[in-house]
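Have a look at the structure below, then the notes.
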Protein chains: 2
Amino acid sequence: MLAYTTMPTQLRSNGIDHPIVPLPFGPAHLQQISFFDPGCEIYAQGEKAGNIYQVEFGAVRVYRLLADGRRQISAFCLSGEVFGLEDDANHHFFAEAITGTSLRLFPRSKFGDISQELFSLTLRSLTRAQEHLLVLGRQTAVERVAAFLLDLAERQGGLEQVELPMSRMDIGDYLGLTIETVSRAFSKLKDNGIIALPTLRSAEIKKWNALQAMSE
Amino acid sequence: MLAYTTMPTQLRSNGIDHPIVPLPFGPAHLQQISFFDPGCEIYAQGEKAGNIYQVEFGAVRVYRLLADGRRQISAFCLSGEVFGLEDDANHHFFAEAITGTSLRLFPRSKFGDISQELFSLTLRSLTRAQEHLLVLGRQTAVERVAAFLLDLAERQGGLEQVELPMSRMDIGDYLGLTIETVSRAFSKLKDNGIIALPTLRSAEIKKWNALQAMSE
DNA sequence: CGACTGATTGACTATACTCAACTGCGGTGG
DNA sequence: CCACCGCAGTTGAGTATAGTCAATCAGTCG
């Protein structure tokens, strides 16, 4: 549950990392790199928002909580992806490392003008959130899981082997489902031969077309 | 179902409009104003995205469709609010006027640099979408309707009289519910004395605290 | 090897959906 | 001005999907 400023080498490779495209803004000497253990908090709701974060390797969940503990994960961030953009001085969300995670920090205050790149990243986040609204508002459990797997597969380079750094609980809280329903949806896809589940934390897409059809 | 470039005067006042804050970017001579009849399409999914739109008066729904016709409304836009921001050359969503609506158009191509204001608007849209994820993913039907009414009330200036320019179908497609469930939720809130429904297209908030409590 | 945690499966329940009947508001025409 | 019509909305009954609670299984780490 600690953040490091030196790199614990055993964290370097977890199978799902690939070369990232560094963010094109901000002078390099202003960028700081930090390491987070699994479960480690990156920022909390209400905290002052000062940085933008890019994942070097690892995975991050960004989420909100209701008073009674219900949780909605709004995004998983993988290598090369960016989070921490807020419309306010304070964070409205929590961010936590899922696995051992390395982050590149960009202090907002040090930016001069808003770059076209930063704007594009924000628009991409917006589109992603809006697409996810369709999933949560209008899709069944199996459709949500199918769409989730396709999304992850695409973000990991389109390989059929998909790594799942997050728990079933995380997936449920992302898809608006319980862990049992997530599990049943995985089982159904497996029973139909559409996916295989070689380990708990990976999936193999066997029938892309069928999965695509299920996600609509 | 038509768009005008002159103003049909009978559309001017529908009770929910208040003075808007004009967008602070773009020279005035580049801004164009258009009028849309109820149900009129403003843009379609796949269409080339060239403009940003600000609502002068009226109301707009922005939505996506699944192949089988299931619809998810990602946002309702009221006076002063902005939509049409896309991360791509083409629109990913549909936008339609709900009531008679006047829009101020800002051609993207005519902007020079990305202004701080435009960036802020985008971040606000992003936060709004992410907050809505929590509603769709983790709240019950009554909680969704309560949150919806509070949100509308706040955006209309915090008055207890809330105008509902959209149909129950629209509300359902925004909240991920059927019209029947929306109707039952309204009735439950009414039966508990939390709201009144003077007409089909308006609601009166009687017990703010109770409504707030129901929305969590 | 054993204990612990996370995941799966099963049985039952609750919430929201579907289908259908009915109500009432709003608009039109006599 | 009132009566009628049509459609949006409401209400009811039955169903289906996902949630809850509980038991079992599997993978991980001492």
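Being a predicted model, the structure only gives us computed values, none of them experimental. So that the names make sense, note that chain A is the first sequence line, chain B the second, and so on, each numbered from 1.
Rounded to whole angstrom, the span from the CG atom of A/L175 across to the P atom of D/dG19 amounts to 11 Å. As a whole-Å value, the separation of A/D170 CG from C/dT5 P is 17 Å. Look at CD1 on B/I179: it is 12 Å from P on C/dC19, rounded to the nearest Å. For the pair A/R70 CZ and C/dT15 C1', the interatomic distance rounds to 13 Å; values are reported in whole Å. Between the CZ atom of A/R201 and the C1' atom of C/dT5 there is a distance of 11 Å, rounded to whole Å. Between the NZ atom of A/K190 and the P atom of C/dA7 there is a distance of 14 Å, rounded to whole Å.
Remark: B/T140, B/A141 in residues 134-150 of chain B come within less than 4.0 Å of DNA chain C through at least one heavy atom.
Classification of the B/Y53-B/F83 ring pair by plane angle, with boundaries at 30° and 60°, yields parallel.
Distance from the side chain of B/S183 is smallest for D/dT10 among the nucleotides C/dC17, D/dT10, D/dA8. Of the candidates D/dG19, C/dT9, D/dG9, D/dG19 carries the atom nearest the A/T178 side chain, counting heavy atoms from C-beta on. The side chain of B/R168 lies closest to D/dG9 when the candidates are D/dT11, D/dG9, C/dT8.
The residue B/G176 sits close only to the backbone: its heavy atoms come under 4.0 Å of sugar-phosphate atoms, none of a base.
Under 3.5 Å, the side chains of B/E47 and B/H91 contain no donor-acceptor pair of N or O atoms. Using modelled atom types and a 3.5 Å distance limit, the side chains of A/E96 and A/Y63 yield a donor-acceptor pair. Of the N and O atoms on the side chains of A/S125 and A/T122, not one donor lies less than 3.5 Å from an acceptor on the other residue.
A salt bridge does not link A/R124 with B/D88: none of the charged nitrogens is closer than 4.0 Å to a carboxylate oxygen. For B/R184 and B/D191, the salt-bridge test fails: no basic side-chain N is under 4.0 Å from an acidic carboxylate O.
Mapping B/T181 and A/E180 onto DNA chain D via the closest heavy atom, the residue that lands nearer the 5' end is B/T181.
For A/K190, there are no salt bridge (charged side-chain N to carboxylate O under 4.0 Å, His left out) partners two or more places apart in sequence or in a different chain. Applying the side chain to side chain contact (heavy atoms under 4.5 Å, CB included) criterion to A/D68, with sequence neighbours excluded, gives A/L66, A/R70. Taking the side chain to side chain contact (heavy atoms under 4.5 Å, CB included) definition, one finds that B/N192 meets it with B/K188, B/I194, sequence neighbours left out.
Not a single donor-acceptor contact under 3.5 angstrom links the side-chain atoms of B/R184 to the base of D/dG9.
Inter-residue side-chain proximity for A/L118 and B/F119 is flagged as met; some heavy-atom pair is nearer than 4.5 Å.
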What does the B/S/- profile of nucleotides 24-30 of chain D look like, 5' to 3', with a 4.0 Å heavy-atom cutoff to protein? ---S---
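Checked options B/L149, B/I171, B/L177, B/T181; the residue passing with B/R144 is B/L177 (criterion: side-chain contact (heavy atoms from CB on, under 4.5 Å)).
Across its full length, the helix from C/dC1-D/dG30 to C/dG30-D/dC1 shows an angle of 30° between the axes of its 5 terminal pairs at either end, rounded to 10 degrees.
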